[in-house]
Amino acid sequence: MKNLSLSVVMPVYNEKGTIKEMIGRVLAIDIVRQLVIVDDGSVDGTREILKSLNPDARIKIIFHDKNRGKGAALNTGFKEIRADVVVIQDADLEYDPEEFREMIIPINKGRADVVYGSRLTFAKPQRAYMFWHRVGNRVVTLFAGILYNTTLTDIETCYKMFRVDLLKEINIKSRGFEVEPELTAKLLKKKLRIYEVPISYYGRTYEEGKKIFWWHGFGALWTLLWYRFSD
C-alpha cells in the first residue's frame with residue numbers, strides 16, 4: 001500500500017466563528033501535507049482572522065475580491081494543489097477531518113480513484129435535524145442514480161477526495177453550489193472507480209449559519225440532467 005500525500009482545499013465565506021478551529025483540526029491530521037484556503041469575499045471579519053494567522057508552511061491563503069461562489073473558490077484552490085490526493089473541506093464544523101484517514105485508504109491501496117464520505121449510511125454519528133433537507137438530498141441522489149446508473153448514497157457531501165492527476169482532467173464550470181452535482185456527473189461519465197466511506201455529520205441549522213436552501217436542489221437536478229447529455 002502506497003501512502004500518498006494529501007492536500008485540503010477549503011472554500012470560506014463568512015465563517016469567523018469557526019474558521020480558526022477548523023484550520024486547527026485540519027492541521028492536526030498528520031497525513032495533511034497542504035491546506036489551501038480560499039476566502040470567497042467574506043465580509044464578517046473572516047478575512048481579518050485569516051490575515052492574522054501565524055505563518056505555517058503548510059497553509060496557502062488566497063483572497064477573492066468579491067463573493068464568486070463555492071465552485072469558483074474550488075477552481076482557485078485546485079490550481080494550488082501540491083500533493084497526490086486532494087479533499088474538499090468546508091470551513092464550518094459539520095465535518096470532521098479525522099475522517100480523512102479512512103477515506104484515503106482505498107486510494108492508497110490502488111482500488112479507488114475517488115472516495116466520497118457518505119453522511120447517509122447511518123454507520124456513524126449523525127445529528128438529527130431538518131427532515132426536508134434530507135428528503136431533498138435523497139431526491140437529488142436518486143436522480144443521479146437513475147441518470148448515471150450509480151449506487152452512490154450522498155452526492156451532495158462536501159467530503160469528496162480525488163487523485164489529483166484525474167481531477168486535473170475535469171473542467172469545472174459551475175460557480176456556485178452546483179459544483180457538487182457537476183463534479184459527480186463528470187466523474188461518473190469518466191467511469192472512474194468511486195468508493196464511499198461512512199462519515200459522521202454534525203449538521204448545523206440556518207440559525208447556526210447553514211447556507212444551503214431548498215431552491216439549491218432544483219439547481220442540482222438541472223445540473224445533473226445537463227451534464228448527462230452534454231460534454
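Atoms considered below: every heavy atom in the structure, side chains included; atoms not considered: hydrogens, waters and symmetry mates. Small disclaimer: the values here were computed from a predicted structure and weren't measured.
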Minimum-distance pair of heavy atoms, taken over all atoms of Leu27 and Asp56:
CD1-OD2, 3.8 Å
Is a salt bridge present between Lys124 and Glu99, judged by a nitrogen-to-oxygen distance below 4.0 Å?
yes
Under 4.0 Å between a side-chain nitrogen and a carboxylate oxygen: does that hold for Lys16 and Glu48?
no
Between Glu196 and Thr121, do the side chains contain a donor N or O and an acceptor N or O under 3.5 Å apart?
no
Assigning hydrophobic clusters by single linkage (Ile, Leu, Val, Met, Phe, Trp, Tyr; side-chain heavy-atom cutoff under 4.5 Å), is Val114 placed with Ile172?
yes
Who else is in the cluster with Leu142 when I, L, V, M, F, W and Y are joined by side-chain contacts under 4.5 Å?
Ile146
For side chain to side chain donor-acceptor pair (under 3.5 Å), just list the numbers for Tyr148 and Thr184, CA-CA rounded to whole Å, side-chain angles, deciding distance to a tenth of an Å, and then say yes or no.
CA-CA 10 Å; Tyr148 296 89; Thr184 297; over 6 Å; no
N-O pairing of Arg47 and Asp39 below 4.0 Å:
yes
Could you give all pairs that pass the ring pair (Phe, Tyr, Trp, His ring centres under 6.0 Å) test and reach residues 67-95, with sequence neighbours left out?
Tyr95-Tyr159, Tyr95-Tyr201
Side chains of Ser5 and Asp84: do they bring a donor and an acceptor to under 3.5 Å?
yes
If you draw the axis of the six-membered ring of Phe63, does the NZ or CZ of Lys51 fall within 45° of it and under 6.0 Å from the ring centre?
yes
Interatomic distance, Tyr116 atom OH to Ile199 atom CD1 [nearest 0.5 angstrom]
12.5 Å
